[in-house]
Visitor: 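This is the structure I want to talk about, given as structure tokens.
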There are 2 protein chains.
Amino acid sequence: MHKAQEALMIDARPRLLKAEPGTAGLSGAQAIYPRDKGAGARSDEIARVLSLLLKHLPVRRRLVHAGDLIFEAGQPFNHLYVINSGYVKVVNTAADGRNQVVGLLFRGDWLGFDGIATGCYGCTAQALEIGEIWAWRYDQLLSAAAAEPQLLHELHSEMSRAITRGRDALLSVCTLPVAARVAEFLRQWAESLAARGLRNDQIILRMSRAEIGNYLGMTLESVSRALSSLARARVICFTEKGRRMIQIPDLQALNDFIQADAQAPGAILQ
Amino acid sequence: MHKAQEALMIDARPRLLKAEPGTAGLSGAQAIYPRDKGAGARSDEIARVLSLLLKHLPVRRRLVHAGDLIFEAGQPFNHLYVINSGYVKVVNTAADGRNQVVGLLFRGDWLGFDGIATGCYGCTAQALEIGEIWAWRYDQLLSAAAAEPQLLHELHSEMSRAITRGRDALLSVCTLPVAARVAEFLRQWAESLAARGLRNDQIILRMSRAEIGNYLGMTLESVSRALSSLARARVICFTEKGRRMIQIPDLQALNDFIQADAQAPGAILQ
DNA sequence: CGTGCCGTTGAACTTGCTCAAATCAGGTGG
DNA sequence: CCACCTGATTTGAGCAAGTTCAACGGCACG
């Protein structure tokens, strides 16, 4: 099972979208959505942290296109990065060449923590969409954080979140059947969009089925079949244009699907 | 596949072993081994970090027995913990009750980072062996770290390592067949022992097959079959007493086994 | 108007799971 | 000290989920 799946390097020509520094960008959705109860809380927090950083430290901004590498495994670690717009995949590689997408990150998420302990990045970070990445020198960040407790706490919170995300990914991969895992993947993506104040009833996957499959520990065929099956169950819809835009008419239905599919085996709890 | 597997709570009566604060303890091996080239480097580093912490902050020590919980998911976060001796599993639980062992930690490893962002621990940490856990208040740690850059950097290094460990676990689960995953699990354990200056040619698993299977995303039967198959291939040996003590006569043979088993599918790289 | 890549779908196959039975280790109580 | 009970482990047989292999259609690009 779960045979190694290729995470092909992307170099698709991106549609031409201008990234607006300081705005939410276009990560997987076209427009900003009116905030519902609390959906914008995280969005506000992200904006607050970014301006806190800008207030204390010089930033290096970089515009990236789909396929651009932000850093590669093995490069010396000097900077931490924060996604201002666009989104990014993180790929982990074993000594023998097996590789695995281990993270999918959006606006406000940090990159590069894995380099702190060893002095070299342990993974490769690649943009999946046009966007803007902000970079800070780790040593400068440390100095500023030592003087500004709020900044230090934010830094730690982000590392904490990174740990939690990794653990949740492992939980999904190990305990859910393929269809539920694909559904869970869509749910998490939609949740990420909502948390950032973006519309979350549709998602533009700028990843191939192979990349999604690699991330979820299954083959591209399984991803395709799972998506077809979700569409057949009317839990998602494909738009007339292409099979990479997915509409989620009812998020609760998606949740119900996950629950139902996860129950299938006799999950003896406790 | 990879159906949810039960991580039963242990309450086995531990053998009576006195944990000696400041020594390496007995995690999975009986005696300290003469250090080979660099094997003790991490061990020295752990000792250095622990004394750095002791120098700057009041510690709360707690003796734990097999089965004791160090903290539970949902409890308010106030402390970070460091394992001084013994070892510990970390269990993540989904809203619907699926649970998953997401980490196995040894002397010098930290616990509780996942609570920083949310203010509550996200996982449950349970001792698997008698040992001693040291605790520091997070707020005190922050204050001390702000004044002592070395301490701050060590804290960040440990969080960084936690992130890397999680990613490596995901890589294993997603890209290796069951037998290789069990072998990789043993290899990592042996490596952890060696890094701490302990003998690493034998391992005492104080986890049931079910717990190991849960950690590795497979059933207990698969763990048992994989271990039998490793023993048949003479890559490991069971000692006359019980099937929880495993000897690894040749670590390289274990590595070769993993490589060979991982190659089985046509792993198209790049 | 090819060529190449991506996605979908079907059919055969394989791995690992489920279910079941037998063995073994350890602890308990007589 | 021994019989017994309980839970862990092993092993086998059958099955099912998901993979592999293969064919086909669509779309973008040159």
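First the proteins, then the strands, lettered A, B, ... as listed; each starts at 1.
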Visitor: Is any side-chain nitrogen or oxygen of B:Ser224 closer than 4.0 Å to OP1 or OP2 of D:dT9?
Guide: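 No, outside the criterion.
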Visitor: Counting C-beta onward and ignoring hydrogens, is there a side-chain heavy-atom pair between A:Gln126 and A:Val88 closer than 4.5 Å?
Guide: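 Answer no - side chains too far apart.
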Visitor: Which nucleotide sits closest to the side chain of B:Arg244: C:dG16, D:dT9, C:dT18?
Guide: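 Of all the options, the side chain of B:Arg244 is nearest to D:dT9.
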Visitor: When you match A:Arg243 and A:Ala179 each to their closest nucleotide on DNA chain D, which lands nearer the 5' end?
Guide: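 The residue closer to the strand's 5' end, by nearest nucleotide, is A:Ala179.
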Visitor: Restricting to non-hydrogen atoms, name the atom on A:Asp261 and the atom on A:Ala180 that form the minimum distance, rounded to 0.1 Å.
Guide: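 Closest approach of A:Asp261 to A:Ala180, heavy atoms only: OD2-N, 3.0 Å.
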Visitor: Atom CE of A:Met245 to atom C1' of D:dG26: distance rounded to whole Å?
Guide: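 After rounding, the gap between these two atoms is 18 Å.
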Visitor: Could you tell me the separation between the CG atom of B:Leu216 and the P atom of C:dC17, rounded to a whole number of Å?
Guide: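 Checked: the CG to P distance equals 11 Å.
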Visitor: Starting at atom CD of B:Glu221, determine the distance to atom P of D:dA8, rounded to an integer number of angstrom.
Guide: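 So the two atoms are 13 Å apart, to the nearest Å.
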Visitor: From the options C:dC17, D:dG18, C:dT9, select the nucleotide whose nearest atom is closest to the side chain of A:Val178.
Guide: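 That would be D:dG18.
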Visitor: Record whether the side chain of B:Arg225 comes under 3.5 Å of the base of D:dG12 through a donor-acceptor pair of N or O atoms.
Guide: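 Looking at the base of D:dG12, it does pair with a donor or acceptor on the side chain of B:Arg225 (distance under 3.5 Å).
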Visitor: Of the candidate nucleotides D:dT9, D:dT10, C:dC17, which contains the atom at the shortest distance from the side chain of B:Ser208?
Guide: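 Among D:dT9, D:dT10, C:dC17, the one nearest the side chain of B:Ser208 is D:dT9.
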Visitor: Whole angstrom is fine here: how far is it from CD in A:Glu211 over to P in C:dG7?
Guide: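 Value for this atom pair: 9 Å.
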Visitor: Take atom CG of A:Leu230 and atom C1' of C:dG7, then tell me their distance rounded to the nearest Å.
Guide: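 The distance from CG of A:Leu230 to C1' of C:dG7 comes to 16 Å, rounded to the nearest Å.
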Visitor: Please report the distance, rounded to the nearest Å, between CG in A:Leu227 and C1' in C:dT8.
Guide: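 Computing the A:Leu227:CG to C:dT8:C1' distance gives 11 Å.
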Visitor: Please identify each residue that fulfils side chain to side chain donor-acceptor pair (under 3.5 Å) with B:Gln188, with sequence neighbours left out.
Guide: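 Only B:Glu184 meet the side chain to side chain donor-acceptor pair (under 3.5 Å) criterion with B:Gln188.
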Visitor: Just one of B:Lys89, B:Arg206, B:Arg107 clears the salt bridge (charged side-chain N to carboxylate O under 4.0 Å, His left out) bar with B:Glu129, so which one?
Guide: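 The residue from B:Lys89, B:Arg206, B:Arg107 that satisfies salt bridge (charged side-chain N to carboxylate O under 4.0 Å, His left out) with B:Glu129 turns out to be B:Arg206.
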Visitor: Measure from CG on B:Leu220 to P on C:dA20 and round the result to the nearest Å.
Guide: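 So the two atoms are 15 Å apart, to the nearest Å.
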Visitor: What's the closest nucleotide to the side chain of B:Ser228 if the choices are C:dG16, D:dT10, C:dG7?
Guide: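 Ranking C:dG16, D:dT10, C:dG7 by closest atom to the B:Ser228 side chain puts D:dT10 first.
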Visitor: For residues B:His65 and B:Ala127, report the shortest heavy-atom separation together with the two atoms involved.
Guide: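 Smallest interatomic distance, heavy atoms only, reads O-CB, 3.5 Å.
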Visitor: Would you state whether a donor and an acceptor, one from the side chain of B:Arg181 and one from the base of C:dG16, lie under 3.5 Å apart?
Guide: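 It does not, because no donor-acceptor pair links the side chain of B:Arg181 to the base of C:dG16 below 3.5 Å.
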Visitor: Let's see if you can work this out: which of C:dC17, D:dT9, C:dG7 has an atom nearest to the side-chain heavy atoms of B:Met218?
Guide: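 Looking only at side-chain atoms, B:Met218 lies closest to C:dC17.
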Visitor: I need the CE-C1' distance between B:Met207 and D:dT9, as an integer number of Å.
Guide: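 Spelled out: CE on B:Met207 to C1' on D:dT9 is 16 Å.
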